[in-house]
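The next block holds one structure in the form of structure tokens; read it before the comments.
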Amino acid sequence: MPDVDFPENAATRNDAYLTCEFSDNALVQQLVGPHNANLTRLEHRLGVVLHNRGNIIAIEGSPEKTSLAENALSQLYDRLAGGLPIEEGDVDAAARMAAPDESQENMDLSIRTRKRHITPRTKGQAGYLHALNTNELVFALGPAGTGKTYLAVAKAVAMKLAGQVDRIILSRPAVEAGERLGFLPGDMREKVDPYLRPLYDALHEMLPGDQVSKLLLSGDIEVAPLAFMRGRTLSNAFIILDEAQNTTPVQMKMALTRMGENSRMVVTGDLSQIDLPSGIKSGLADALETLKDTRGIATHTFTSRDVVRHDLVARIVSAYDARDARQKAAKSQR
């Protein structure tokens with residue numbers, strides 16, 4: 001868009017001024033947000049100054065930052081034009097995704113389920129969705145809050161709704177790696193449900209509750225501890241193994257070899273959160289080493305920059321990562 005002298009009292013420093021003119025005034029009001037809240041959030045995120053006048057938004061800042069802000073505003077307006085609302089997280093996502101990524105240009109990375117239309121909120125998430133679209137087995141690594149499991153469940157539900165798979169299998173090691181369930185009260189379902197709760201929560205984000213219940217009852221969606229996978233062949237299925245850092249190498253090999261014809265598998269985990277007893281190697285770490293040169297397998301790694309929970313979570317993850325790096329450096333100097 002052309003450089004302009006807008007606003008009229010523009011400062012005389014080496015900043016750029018761009019205007020974004022949109023056709024629908026009603027959508028612009030939603031884009032701006034109540035009391036300009038969305039513009040204020042973008043200003044904070046991108047280090048620019050935004051001015052709204054009617055259906056025009058002027059951007060003041062360095063040439064690089066004004067270009068990013070222009071992209072972010074265009075993304076948000078297109079979202080509104082597509083009938084989707086804008087929340088704080090969407091504004092943050094637009095800021096993170098503003099820089100173009102030519103490798104994913106013109107690629108539809110959105111996921112549609114009964115309850116949600118999901119789009120990537122970071123470049124890391126965009127890369128992950130691309131991996132899910134193009135590979136039969138994906139390892140997803142990284143800290144909590146990056147969407148590893150959430151996006152995998154969303155993709156599974158979308159493929160189930162589209163008839164691309166017949167069922168969804170969601171699994172994770174229960175009670176750390178050894179799956180020691182006997183000491184807990186209740187029947188088997190009551191014993192394992194607390195450890196599988198995050199998977200149920202993700203399902204309810206994608207589908208109405210009655211539909212989740214119906215699919216669980218019919219077996220079209222199965223949520224079970226990893227031990228229940230032994231001896232099975234899972235064909236025409238989307239399989240998600242969550243918290244895989246807490247598997248042993250034997251468990252991991254068992255899980256990976258469950259894949260049958262026309263199946264997809266996603267294995268998620270955080271190698272900084274291994275709960276295995278001392279001396280036992282993580283099955284996830286072992287699989288990554290063993291399969292690193294195997295065709296048809298993608299490994300996607302998230303960082304603290306991909307955390308989409310509260311801003312403080314990203315700072316917490318970064319602080320722990322920095323501490324671990326210092327400790328590792330100190331050990332290497334001994």
Enumerate the residue pairs fulfilling side chain to side chain donor-acceptor pair (under 3.5 Å) with a member in residues 222-234, sequence neighbours excluded, ordered by first and then second residue.
-> E222-R232

Taking only distance into account, with no hydrogens and no angle test, what donor-acceptor pairs under 3.5 Å do side-chain atoms of residues 266-273 form with protein atoms, sequence neighbours excluded?
unit_1: T268; atom_1: OG1; unit_2: D242; atom_2: OD1; d: 2.5
unit_1: D270; atom_1: OD1; unit_2: S272; atom_2: N; d: 3.0
unit_1: D270; atom_1: OD1; unit_2: S272; atom_2: OG; d: 2.7
unit_1: D270; atom_1: OD2; unit_2: S272; atom_2: OG; d: 3.3

Residues passing the side chain to side chain contact (heavy atoms under 4.5 Å, CB included) test with R295, sequence neighbours excluded, are none

Tested for side-chain contact (heavy atoms from CB on, under 4.5 Å) against R172, the lone hit among N246, L226, L199 is L199

The complete set of salt bridge (charged side-chain N to carboxylate O under 4.0 Å, His left out) pairs with one or both residues in residues 73-87, sequence neighbours excluded, reads R79-D90

Heavy atoms only: give me the nearest V48-L42 pair and the separation to one decimal.
-> CG2-O, 4.5 Å

Partners passing side chain to side chain contact (heavy atoms under 4.5 Å, CB included) against N55 (at least two apart in sequence or in another chain) = E21, N25, V28

Residues in ring-ring contact (aromatic ring centres under 6.0 Å, His included) contact with F302, at least two apart in sequence or another chain = Y128, H300

Side chain to side chain contact (heavy atoms under 4.5 Å, CB included) filter on A287, not counting sequence neighbours, yields F139, M252, L256, L291

Residues which pass side chain to side chain contact (heavy atoms under 4.5 Å, CB included) with R258, listed by chain and number, not counting sequence neighbours | M229, L234, M254

What ring pair (Phe, Tyr, Trp, His ring centres under 6.0 Å) pairs are there with at least one residue in residues 59-91, not counting sequence neighbours?
-> F22-Y77

Show me, pair by pair, the donor-acceptor contacts under 3.5 angstrom made by side chains of residues 152-170, not counting sequence neighbours?
unit_1: K155; atom_1: NZ; unit_2: N133; atom_2: OD1; d: 2.6
unit_1: K160; atom_1: NZ; unit_2: D166; atom_2: O; d: 2.7

So the side chain to side chain donor-acceptor pair (under 3.5 Å) pairs with at least one residue in residues 277-292 (sequence neighbours excluded) are K281-E289

Y150: partners by ring-ring contact (aromatic ring centres under 6.0 Å, His included), with sequence neighbours left out = none

